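Below: one structure, written as structure tokens.
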Amino acid sequence: MKKYIKLFKSIIVISIFLLTNLRAELTNKVIMSVGNESITNYDVAREVKYLSVITLGQFENLSNQESKKIAIDSLIKDKVKINELSKHDYITVGDEMVNNQIYMTSRNIGFENVNDFKKYLEFEEYKFDEFQKKIILELKWNQLIYQFYKNQIIIDKEKIDKKLKEVISKQKKKYEY
């Protein structure tokens, strides 16, 4: 009888070990590569989580297939940005700029302050560091694009003043009613 119990325990331990390894292999499967960067199932799952977090769960309303496609497209864009930024390592962003962008993003999503947003991220099991890396990537990318096209930017102050006066006059009319 003891022999059967030991055999049964051994089978359970081996089964758990094999199933755990099988699941780990599936979660780390490489889906595609973009340049030198690879995209795994884990990356897609984290991107779906990120998109869900910044849309306050609205992203979860999409079908599983649609959300994965959007997440993969977003990851491809991020990998292209990372590849291109690696060629321009002179581009940096300051902590103040990052903190300001995090504050603005949290306000746009609907949080009163960054601490409330951090609590929300913690509740959603998304790391603040991951969110911060996304913000830094976007800020660096914006700076790179600005560097390339800053000479082509033409600011027409007269048009801006004219448009601003129109907006102000429309606001005054609204208050008259």
Side-chain angles (χ1 to χ4, degrees), residues 20 22-150 152-153 155 160 163-164 167 170-171 174:
T20 304
L22 179 64
R23 193 181 75 173
E25 183 180 328
L26 290 176
T27 57
N28 292 326
K29 182 180 174 186
V30 174
I31 297 173
M32 67 178 60
S33 63
V34 179
N36 297 333
E37 300 285 329
S38 61
I39 297 175
T40 64
N41 282 349
Y42 178 77
D43 295 332
V44 173
R46 294 310 298 165
E47 188 69 14
V48 167
K49 188 67 160 174
Y50 166 75
L51 293 170
S52 178
V53 163
I54 63 169
T55 61
L56 296 176
Q58 296 297 320
F59 191 74
E60 293 171 354
N61 294 338
L62 299 174
S63 72
N64 192 27
Q65 198 72 356
E66 287 176 317
S67 62
K68 280 186 178 180
K69 182 182 179 340
I70 292 170
I72 289 172
D73 289 345
S74 178
L75 284 169
I76 290 171
K77 290 176 186 175
D78 284 353
K79 298 299 181 179
V80 168
K81 291 175 184 178
I82 290 169
N83 283 337
E84 192 61 34
L85 284 168
S86 69
K87 300 173 190 173
H88 305 278
D89 48 340
Y90 60 88
I91 295 178
T92 59
V93 292
D95 290 340
E96 185 178 330
M97 185 184 272
V98 172
N99 292 336
N100 187 38
Q101 187 63 40
I102 290 171
Y103 172 76
M104 294 303 294
T105 303
S106 66
R107 294 281 294 179
N108 289 341
I109 294 174
F111 291 94
E112 292 293 320
N113 56 50
V114 176
N115 286 333
D116 290 344
F117 182 62
K118 284 181 180 179
K119 289 176 186 174
Y120 170 70
L121 290 176
E122 187 177 311
F123 175 76
E124 290 293 329
E125 297 175 357
Y126 192 81
K127 295 178 182 173
F128 181 73
D129 291 343
E130 288 181 68
F131 180 77
Q132 196 171 23
K133 286 178 184 177
K134 287 277 198 183
I135 296 293
I136 291 170
L137 177 63
E138 289 303 317
L139 289 172
K140 284 183 174 183
W141 181 253
N142 290 343
Q143 281 188 356
L144 179 65
I145 297 300
Y146 175 75
Q147 290 293 323
F148 283 145
Y149 296 105
K150 69 181 176 185
Q152 297 177 13
I153 298 172
I155 299 175
I160 294 172
K163 187 70 173 177
L164 188 59
V167 170
K170 287 181 182 178
Q171 285 181 345
K174 288 179 183 176

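It should be emphasised that the depicted structure is a prediction, and the values quoted were computed from it without experimental measurement.
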> Considering all heavy atoms of both residues, which atom of V114 and which atom of S106 are nearest to each other, and what is their separation?
Replying inline: CG2-OG, 4.0 Å

With a 3.5 Å cut-off and sequence neighbours excluded, list the donor-acceptor pairs that the side chains of residues 91-105 form with protein atoms.
from: N99; atom 1: ND2; to: D95; atom 2: O; distance (Å): 3.2
from: Q101; atom 1: NE2; to: T105; atom 2: OG1; distance (Å): 3.4
from: T105; atom 1: OG1; to: Q101; atom 2: O; distance (Å): 2.8

> Which residue pairs pass the side-chain hydrogen bond (donor to acceptor under 3.5 Å, both in side chains) test with at least one member in residues 107-123, sequence neighbours excluded?
Replying inline: none

> Which distance, rounded to the nearest 0.5 Å, do you find between the CD1 of I82 and the NZ of K140?
Replying inline: 10.0 Å

> Can you tell me if CZ on F123 sees more than 12 non-hydrogen neighbours from other groups inside 6.0 Å?
Replying inline: no

> Taking N83 for the side chain and V34 for the main chain, is one N or O donor matched with an acceptor at less than 3.5 Å?
Replying inline: yes

> How far does OH of Y50 sit from CG of L75, to the nearest 0.5 angstrom?
Replying inline: 11.0 Å

> Can you tell if the side chain of V53 reaches within under 4.5 Å of the side chain of F131, non-hydrogen atoms only?
Replying inline: no

>> Once you measure the plane-to-plane angle for F148 and H88, does it fall in the parallel (<30°), tilted (30-60°) or perpendicular (>60°) bin?
In response: perpendicular

>> Donor-acceptor check, side chain of K127 to backbone of Q132, threshold 3.5 angstrom: yes or no?
In response: no

>> With a 4.5 Å cut-off on side-chain heavy atoms, are L144 and K81 touching?
In response: no

> Which side-chain hydrogen bond (donor to acceptor under 3.5 Å, both in side chains) pairs, counting each pair once, include a residue from residues 63-79, with sequence neighbours left out?
Replying inline: E47-S74, S63-E66, K69-D73, D78-K134

> Taking the side chain as C-beta and beyond, is there a heavy-atom pair between I31 and D43 under 4.5 Å?
Replying inline: no

